[in-house]
Structure formats: C-alpha cells, structure tokens
Novice: 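Could you have a look at this structure, given as structure tokens, before my questions?
Side chains included, hydrogens not; waters and symmetry mates left out as well; all remaining heavy atoms used.
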Amino acid sequence: MRNVPGITMFEPAEIDDLQSCFDTILERRGVARSSVEAEAIARALILAYKRGVVDRHELIRLADIAVDG
C-alpha cells in the first residue's frame, strides 16, 4: 500500500486480495453488492487492511465481527 498525503493508494494485487475477501463474505452471507451491509463489509475490510491486517482469514473474520457487532 502506497501512501500519498491525504490519499491511500492500493497496489493492484492488494485490490485483488480485498476483492476476493469481499466476494467470499458476500457469497457466504447471501448479500447483494449494492446493499448497505455490503458497504459495511467493504469498509471493515479496508479499515482492517489499512491497520496492517493482511491475512485473508483474519480480514474476513474481522469484517464479520464489525458487521455483526
């Protein structure tokens, strides 16, 4: 992840990884991409990643907790 003052930029591989986690959660939960819950999941994934969590299983677990809690 590259940091530019005021902007966080993700590398293409990072976007692919986050997208894969997002798709996994949506499929497992049966959530539509355009739903409020999907937005909360995306937000939780990005926040966890920006805080240094890079393990796929941990990202998914933390996103689940954030949405459920």
Novice: If you take all heavy atoms of Ala66 and Ala44, which pair is closest and at what distance?
Specialist: CB-CB, 3.6 Å

Novice: With a 4.5 Å cut-off on side-chain heavy atoms, are Ile25 and Glu37 touching?
Specialist: no

Novice: Hey, any chance Ile46 and Val36 share a hydrophobic cluster, counting ILVMFWY side chains that come within less than 4.5 Å of each other, even indirectly?
Specialist: no

Novice: In terms of side-chain geometry, is the basic nitrogen of Asp55 or Arg61 positioned less than 4.0 Å from the acidic oxygen of its partner?
Specialist: no

Novice: Quick check for you: to the nearest 0.5 Å, what is the distance between Leu59 atom CG and Asp17 atom CG?
Specialist: 8.5 Å

Novice: Does Thr24 use its side chain to pair, donor to acceptor, with the backbone of Ser20 at less than 3.5 Å?
Specialist: yes

Novice: Please determine whether side-chain contact (heavy atoms from CB on, under 4.5 Å) holds for the pair Val67 and Glu39, giving the CA-CA distance in whole Å, both sets of side-chain angles, and the decisive distance to 0.1 Å.
Specialist: CA-CA 10 Å; Val67 172; Glu39 289 180 21; over 6 Å; no

Novice: Say whether Val54 and Ile41 are linked into one hydrophobic cluster, either directly or through other cluster members, by side-chain heavy-atom distances under 4.5 angstrom.
Specialist: yes

Novice: What closest approach, in Å, do Ala38 and Leu26 show between heavy atoms, and which atom pair accounts for it?
Specialist: CB-CD2, 3.8 Å

Novice: If you measure from NZ on Lys50 to CD on Glu14, what distance do you get to the nearest 0.5 Å?
Specialist: 12.0 Å

Novice: Could you grab the distance from atom CG of Leu18 to atom CZ of Arg56, nearest 0.5 Å is fine?
Specialist: 10.5 Å

Novice: Nearest 0.5 Å, what's the OH-CD1 distance between Tyr49 and Ile15?
Specialist: 9.5 Å

Novice: In Å and rounded to the nearest 0.5 Å, what is the CG to CG distance from Asp64 to Leu45?
Specialist: 9.0 Å

Novice: So how far is it from Leu47 CG to Leu62 CG, rounded to the nearest 0.5 Å?
Specialist: 11.0 Å

